[in-house]
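Residue numbering restarts at 1 for every chain, and letters A, B, ... go by the order of the sequence lines.
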Amino acid sequence: MMSQSCFWNKMIDRKAFRKDFDVMQAALSRRGADVITADSSWGRARELDEQQRQCKAETEALQSERNRVSKLIGQKKSSGEDASAELARMGEVSRRVKALEVTAKEAEEAFALAMLEIPNVPHESVPEGDHEDCNVEIRRWGEPRRDEVPAHWDIGERLKILDFEAGVKLAGSRFSVLRGMGARMERALMQLMLDLHVDKHGYEEVWVPAIANRKTMTGTGQLPKFAEDLYKLEEEDAFLIPTAEVPVTNLYQDDILNFSQLPIKHCAYTPCFRREAGSAGRDVRGMIRQHQFDKVELVHLVHPDQALDGLTSLLADAEAVLQALELPYRVVDLCAGDLGFSAQKTFDIEVWLPSQQCYREISSCSSFGQFQGRRAGIRYRDADGKVNPVATLNGSGLAIGRTLVAILENGWQQDGSVKLPKLLHQYVGGRESIAPPAIPQ
RNA sequence: GGAAGGGUGGCAGAGCGGCUGAAUGCACCGGUCUUGAAAACCGGCGAAGGUAAAACUUCCGUGGGUUCAAAUCCCACCCCUUCCGCCA
């Protein structure tokens with residue numbers, strides 16, 4: 001099922017792992033002290049690397065002998081000579097090779113597994129810090145409203161466009177149902193965002209499966225470490241995707257692209273599924289944190305030298321959506337301790353939610369450096385013929401449910417209606433606002 | 001789901017159990033020729049590990065087996081194609 005190619009893919013360049021161990025360890029430790037302890041994957045990897053190499057060297061020496069003598073036997077036999085001495089010896093060698101091969105493979109797999117569980121090395125520009133409070137605000141856009149605004153669940157329920165009880169009845173907590181203009185806005189936002197990225201920002205739209213197999217999930221870093229966050233299919237070795245990043249990036253898994261094809265820019269709409277295993281009690285009300293939500297995702301494959309420039313442009317593309325929707329937001333540079341497993345650097349975009357009088361995450365734009373390229377076998381051939389892992393980037397552009405929430409709260413009027421951003425009008429049949437139902441409940 | 005056929009390098013496509021990491025064609029890179037381009041001709045050209053560079057090892061859908069030796073034989077699984085059934 002999972003091919004061997006998965007096992008030579010590791011988080012970092014293996015040579016760098018051996019040569020620059022201390023430097024990398026120092027960089028990794030910025031994520032948190034527990035990342036580099038002796039019994040961490042990082043700590044174990046060094047030892048396993050050594051074991052694995054010794055074991056392999058031994059195996060290869062024997063394999064080499066086997067290959068050589070086997071050829072000799074072939075030659076002797078075809079010219080009618082006696083080869084019984086070689087045959088006897090090879091019988092012995094062959095048994096030893098077989099035994100050693102098993103150990104070598106085990107050693108290799110243990111090492112590869114450890115490597116797959118080591119997070120990406122933070123970029124040097126990432127702010128110091130072990131907590132989200134250490135994130136650095138980069139800029140703000142728009143004027144946040146400071147008046148008192150009801151929570152989106154109240155606004156939405158009064159307008160009869162959000163139905164949380166129905167979601168619970170059908171599927172369970174953290175599911176919801178959209179009705180009427182609620183459902184229509186969800187659909188409209190999806191289309192508005194895709195149009196913007198395709199027509200104005202130069203993305204190629206793709207449509208992809210919402211289910212991904214184990215290898216694909218491993219390529220982008222969701223597995224092996226975060227299985228508990230995923231919905232697993234019972235009958236197959238496959239999972240519901242937590243983000244379009246997974247299928248879209250893996251579109252190119254095991255490929256060798258030509259450098260002239262880069263950068264590749266894709267946008268995609270997909271539903272996203274997350275078990276939210278670790279977030280019990282957080283955002284239990286409303287649509288902020290759902291097990292299923294819609295998202296338009298942006299993905300770049302770029303030359304490694306272009307990773308940070310690419311991130312800047314991807315971030316701008318995501319911000320453009322908020323600006324088009326007239327929603328106040330700020331951009332935050334995540335500190336080392338708040339970085340996701342695969343990320344090398346991340347900017348979060350946080351939209352203003354008047355009911356909470358604070359900014360909440362609506363997009364997360366990350367550079368993964370060559371981390372995913374290495375894992376997923378996505379490489380490019382440079383002008384000089386050398387093959388290297390590509391750098392990958394992605395970001396939400398945007399999470400649609402949270403966008404809907406932001407529109408409801410930021411557009412809320414004293415009379416209970418919601419004023420819609422101008423650009424959205426044409427996507428909802430020319431409507432400019434959502435009014436409460438005429439019949440009182 | 002049933003039946004049959006098939007999975008080989010970027011693509012196409014050979015391959016007798018040993019001399020095949022793999023013919024050939026296309027594509028690609030370098031050169032000759034040309035004012036330039038095309039054509040023609042000559043040369044090079046898979047990936048991963050390993051090395052200062054070599055040597056060397058591994059990889060012909062995946063996993064296991066037979067054998068001194070497997071792309072080549074056997075078994076299981078996956079995928080694709082065609083036909084049938086079912087179905088948005």
Integer-rounded Å distance: [N] [atom2] and [X] [atom1]:
X	N	atom1	atom2	result
A:Q52	B:G50	CD	C1'	11 Å
A:Q261	B:G10	CD	C1'	10 Å
A:L257	B:C11	CG	P	13 Å
A:E86	B:C68	CD	P	14 Å
A:D255	B:G9	CG	P	13 Å
A:K19	B:A52	NZ	C1'	10 Å
A:F17	B:G49	CZ	P	15 Å
A:R379	B:A47	CZ	C1'	7 Å

Taking any strand in view, what nucleotide pairs with [N] in a Watson-Crick or G-U wobble way, both distances under 3.5 Å?
N	result
B:C19	none
B:A53	none
B:U35	none
B:G5	B:C80
B:G85	none
B:A12	B:U24
B:G63	B:C75
B:G43	B:C29

Taking only the [atom1] atom of each, what is the distance from [N] to [M] in whole angstrom?
N	M	atom1	answer
B:G31	B:G6	C1'	41 Å
B:A23	B:A71	C1'	14 Å
B:G21	B:U34	C1'	38 Å
B:G64	B:G15	P	28 Å
B:G17	B:G85	C1'	41 Å
B:U62	B:G7	P	13 Å
B:G61	B:U8	C1'	10 Å
B:U51	B:U57	C1'	13 Å

Which protein N or O atoms sit under 3.5 Å from an N or O of nucleotides 64-66 of chain B?
residue : atom : partner : partner atom : Å
B:G64   : OP1  : A:K105  : NZ           : 3.1

Flag yes if more than 12 heavy atoms outside [X] fall under 6.0 Å of its [atom1] atom; otherwise flag no.
X	atom1	answer
A:E165	CD	no
A:D130	CG	no
A:K232	NZ	yes
A:R179	CZ	no

* To do: Nearest-nucleotide wise, let me know which of A:E101 and A:R53 is further upstream toward the 5' end of RNA chain B.
  =>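 Result: A:R53.
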* **Residue whose nearest RNA chain B nucleotide is more 5′ - A:M90 or A:V387** =>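 It is A:V387, whose closest nucleotide lies nearer the 5' terminus.
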* Does anything in residues 62-72 of chain A reach RNA chain B, meaning a heavy atom under 4.0 Å, and if so which residues? ->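 Residues of residues 62-72 of chain A that come under 4.0 Å of RNA chain B are, in numerical order, A:Q63, A:S64, A:R66, A:N67, A:S70.
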* To do: Quick one: list whatever passes side chain to side chain contact (heavy atoms under 4.5 Å, CB included) with A:Q75, sequence neighbours left out.
  =>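 Per chain and number, A:Q75 pairs via side chain to side chain contact (heavy atoms under 4.5 Å, CB included) with A:L72.
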* To do: Output all residues satisfying side chain to side chain contact (heavy atoms under 4.5 Å, CB included) with A:V387, sequence neighbours left out; order by chain, then residue number.
  =>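 A:V387 satisfies side chain to side chain contact (heavy atoms under 4.5 Å, CB included) with A:I256, A:R379, A:R381 only.
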* Determine the contact category for A:R381: base if any of its heavy atoms lies under 4.0 Å from a base atom, sugar-phosphate if only primed atoms, P, OP1 or OP2 are that close, otherwise nothing. =>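 Here A:R381 touches the backbone only, sparing every base.
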* How would you label the contact of A:K77 with the nucleic acid (heavy atoms, under 4.0 Å): base, sugar-phosphate, or nothing? ->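 Base, at least one base heavy atom under 4.0 Å.
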Would you mind writing out the side-chain donor-acceptor pairs for residues 259-267 of chain A within the sub-3.5 Å range, not counting sequence neighbours?
residue : atom : partner : partner atom : Å
A:S260  : OG   : A:N258  : OD1          : 3.0
A:Q261  : OE1  : A:N258  : N            : 2.7
A:K265  : NZ   : A:H201  : O            : 2.9
A:H266  : ND1  : A:E204  : O            : 3.1
A:H266  : NE2  : A:Y252  : OH           : 2.7

* **Selection from B:A48, B:C68, B:G50 that lies nearest to any side-chain heavy atom of A:R18** =>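 Nearest to the side-chain atoms of A:R18, counting from C-beta on, is B:G50.
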* Asked: Would you call A:K295 and A:E297 a salt bridge, taking side-chain N to carboxylate O under 4.0 Å as the test?
  ->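 A:E297 and A:K295: salt-bridged.
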* Who passes ring-ring contact (aromatic ring centres under 6.0 Å, His included) against A:F164, sequence neighbours left out? ->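 ring-ring contact (aromatic ring centres under 6.0 Å, His included) list for A:F164, sorted by chain: empty.
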* Asked: Are A:F239 and A:Y231 near enough that their ring centres are under 6.0 Å apart?
  ->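 No, they do not, as the ring centres are separated by 6.0 Å or more.
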* Does NZ or CZ of A:R46 fall inside the cone over A:F21's six-membered ring, less than 6.0 Å from its centre and within 45° of the axis? ->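 So A:R46 does make the cation-pi contact.
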* Regarding A:D255 and A:Y380, is there a side-chain donor-to-acceptor distance under 3.5 Å anywhere? ->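 There is no such pair between these side chains.
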